[in-house]
Amino acid sequence: MSTDPSRFRPIDPPPDDGGVEVVVDGQPLRAPEGQTLLGVLLGHGLLALRDTERRGLPRGAFCGMGVCMDCLVMLEGVGLVRACAERVRPGMVVRTRWSGEP
Amino acid sequence: MEATRAVVVGAGPAGLGAALELVERGLPCTLIDEAPGFGGQGWHPERSFPDARPRRSASRALGRRILERVRAAGSALDHRPGSSVVALYPDLELVVGRAGSLGSLRPEALLLATGAHDRVLPFRGWHTPGVLSLGGLLSLVERHGVLPEGPVVLAGAGPLLLLAAARLVDAGRPPALVLDTVGLAGLLPALPGLLREPALLVEGVDLLGSLRAAGVELRRGWAVLEAEGGESLARVRASPVDSAWRPRRHGDWIEAGVLAVGHGLSPEIALAAGAGAPVRWDNPRGGWVLEHDEEQRAGPPRLWVAGDGCGVHGAPVAWLQGRLAGLSMAAALGASDGGDEALSARLRRELAAALSARRGLERALAPRPGLLEAVTHDTIVCRCEEVTLSEIRDWTAGGERSLTALKETTRVGMGRCQGRFCGANLRMLLEREQGAHAALDEPLSTRPPARPVSLGELASWRR
């Protein structure tokens, strides 16, 4: 997980206990219940979420409303999902930069 | 398959306008929306910040009043949040995905009030992580619960530019720089209309006041021409532009960690066009817009359209169009009230006045092709399929002229966003090179699924 914490920060600080735990790129992250997956990823410093198929260029969130498909991440047991259109649930296991994975 | 009387797609101001008129006349109405709540993209609840000053927005005030009416309607309104319309067939059968499974609806009357999405003219490096649409940045703040850190640059034209800047001020994170592509002189033609609808003027002046009070630097007649940064945005190149939005020089590099850029909104037409609704090109109204008659009928029987999909005019116009559609649908379903004809006539007068007051502003803010001079041969024009301008030119050199033929040859517009972000830009690029011609009036074709759907959902579906 390569992070760049200088771009976005959470408006509501992640709860010390309680909240929801999700695993992103192998690391457990704590997030407020009900937050979107995109909000959690950005709030933890993940800006580039995938690499493009044709040119291998990094992409991050662009439209934030479910239209552009640039924030696709791999959700275990489901497949590719729009991070902006998913709310975090306990036990979610997510991979960013998933291209080339089986 | 579920047989229903009235279905409304989109729970923004247009969809709510129709749904309320229907249920208030005793007709069952199913309201489908992807979002969890009411209000669409424009009226969803705003986050409250402790130091924010109250904002003067007539549109949001209207939104609050309408949401009260929605609450009063209670369970008469069959609201289905978290639902995506995956396909709409010409017989108006809707395939709807919700919570991992698909179902279908066959309404007697269908309104598509699908709204609009950001319109962004292409520039070199606009795919770099850290570059967002203006609506995208607003959405990060309001719904995704994050604020940008470091130097933020906002650029483009249209109401979202000032709104996004003011919301960052509200949040205590004012942007480093705001670049408004439209110069002051360019706004003059909007004044007569704005004086007839002072609420719009008051809102704009209020937003500007908020930026001034926070000491935000606003440059008018400037545009971003390039973004650079690889893994994450590092800097943007910006230049003054003339009244046709042509860059005046190569420009200056400005440090930026986040860039949000937008040039108004584009109507969401895919579902309606796929069901046979006619469209036309109308640049000041956002690109391709859905056509309709004065009752908001779209052409195919039993199909109505309303709101920003018919041309981007904002929430108050969408609300009026939605109510007109609802009254017309109620009449078609045999549930008119005695006073409905007079009410329709009054709403049509209000609508005509609102549209005429906005016309000058819409023209003043409309994207101009001069900015496309900055699009270099290696600029990615179609974000999904990563097709560059030079790949498009290779094809146009062969004499092909329609967008659909371009799509078949280069894959432009064939990707996951279904041409929503590149369609209007392609039309402008081709028009700039070939002049306007009839083959450009046809939008990129779209095919189901209109929204992403998993193979598991498809496998479990029985029509």
Side-chain angles (χ1 to χ4, degrees), chain A residues 2-14 31-72 75 77-88 96-97, chain B residues 34-36 41 47 49 82 84 100 115 117-118 120 126-133 135-150 152 171 173 229-233 257-258 260 262 266 268 380 383-388 411 415-418 420-421 451-452 454-456:
Chain A
S2 65
T3 62
D4 182 359
S6 62
R7 300 310 165 89
F8 290 93
R9 68 170 168 82
I11 295 173
D12 302 317
E33 181 123 34
Q35 197 180 12
T36 61
L37 184 54
L38 178 61
V40 174
L41 296 174
L42 287 172
H44 282 89
L46 285 146
L47 193 65
L49 300 178
R50 69 179 183 99
D51 298 282
T52 55
E53 285 88 342
R54 184 173 174 204
R55 297 179 192 271
L57 295 172
R59 284 287 170 89
F62 182 67
C63 83
M65 56 176 272
V67 179
C68 74
M69 313 284 161
D70 268 338
C71 68
L72 291 178
L75 176 58
V78 177
L80 292 178
V81 297
R82 297 170 284 177
C84 72
E86 293 287 327
R87 281 176 197 280
V88 285
T96 68
R97 314 295 292 261
Chain B
E34 289 199 308
Q41 296 296 335
R47 198 169 268 274
F49 294 105
S84 300
H117 51 261
D118 282 283
V120 186
W126 67 315
H127 49 80
T128 307
V131 179
L132 301 150
S133 66
L137 182 66
L138 274 167
S139 178
L140 289 189
V141 175
E142 310 295 357
R143 278 177 292 184
H144 301 296
V146 292
L147 280 172
E149 296 263 271
V152 178
R173 293 279 317 130
E231 285 281 307
S232 57
L233 181 67
V258 172
S266 248
E268 175 58 51
I380 288 172
R383 298 171 60 89
C384 298
E385 294 294 330
E386 301 185 284
V387 182
T388 61
R411 296 190 60 83
R416 294 188 180 105
C417 92
Q418 301 231 8
R420 287 180 174 94
F421 283 96
R451 282 287 189 260
S454 72
L455 287 173

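A note on names: the letters A, B, ... follow the listed sequences, proteins ahead of strands, and every chain is numbered from 1.
- Taken from CG in A/Leu41 to NE2 in B/His144, the straight-line distance is 11.0 Å, to the nearest 0.5 Å.
- A distance of 8.0 Å separates CG of B/Leu132 from CG of A/Leu42, quoted to the nearest 0.5 Å.
- Residue B/Glu386 holds its CD atom at 7.5 Å from CD of A/Glu53, rounded to the nearest 0.5 Å.
- B/Ile380 touches chain A through its side chain: at least one heavy atom from C-beta onward sits under 4.5 Å away, while N, CA, C and O do not.
- Taking all atoms of both residues into account, the shortest heavy-atom contact from A/Met69 to B/Cys417 is CG-N, 4.2 Å.
- Of the listed residues (B/Pro148, B/Ser139, B/Cys384), the greatest number of heavy-atom pairs within a distance under 4.5 Å of chain A belongs to B/Pro148.
- With a 4.5 Å cut-off on side-chain heavy atoms, A/Arg82 and B/Arg416 do not count as touching.
- The backbone N or O of B/Gly257 sits less than 3.5 Å from a side-chain atom of A/Arg7, completing a donor-acceptor pair.
- Atom CG of A/Asp12 and atom CZ of B/Arg47 lie 5.0 Å apart (nearest 0.5 Å).
- In this structure A/Glu86 satisfies the side chain to side chain contact (heavy atoms under 4.5 Å, CB included) test together with A/Leu37, A/Leu75, A/Val81, A/Arg89, A/Met92, sequence neighbours excluded.
- With chain A as partner, the option from B/Gly82, B/Gly136, B/Gly150, B/Gly145 having the largest number of non-hydrogen pairs under 4.5 angstrom is B/Gly145.
- Closest approach of A/Ile11 to B/Val141, counting heavy atoms only: CD1-O, 3.5 Å.
- With a threshold of 4.5 angstrom between heavy atoms, B/Arg420 approaches chain A through side-chain atoms but not through N, CA, C or O.
- Chosen from B/His117, B/Arg143, B/Glu268, the residue pairing most often with chain A at heavy-atom distances under 4.5 Å is B/His117.
- Only the side chain of B/Val120 comes within contact range of chain A, with heavy atoms under 4.5 Å apart.
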- Item | Evaluation steps, side-chain contact (heavy atoms from CB on, under 4.5 Å), between A/Arg55 and B/Thr388 | CA-CA 11 Å; A/Arg55 297 179 192 271; B/Thr388 61; 3.4 Å; yes
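- At a 4.5 Å heavy-atom cutoff, the contact between A/Leu80 and chain B is made by side-chain atoms alone.
- With a 4.5 angstrom heavy-atom cutoff, B/Glu34 touches chain A only via side-chain atoms.
- A heavy-atom distance below 4.5 Å is found between the side chains of A/Arg54 and B/Val387.
- In terms of heavy-atom pairs under 4.5 angstrom with chain B, the leader among A/Gly66, A/Ala85, A/Cys63 is A/Cys63.
- Residue with the most contacts toward chain A among B/Pro129, B/Ala35, B/Gly262, B/Gly230: B/Pro129 (heavy-atom pairs, distance under 4.5 Å).
- The SG atom of A/Cys68 sits 13.5 Å away from atom NE2 of B/His127, with the distance rounded to the nearest 0.5 Å.
- Here CZ of A/Phe62 is found 11.5 Å from CG of B/Leu137. Values are rounded to the nearest 0.5 Å.
- Using a 4.5 Å cut-off on side-chain heavy atoms (C-beta onward), A/Arg59 and B/Arg383 make contact.
- In terms of heavy-atom proximity, B/Ser232 sits nearest to A/Leu47 at CB-CD2, 3.3 Å.
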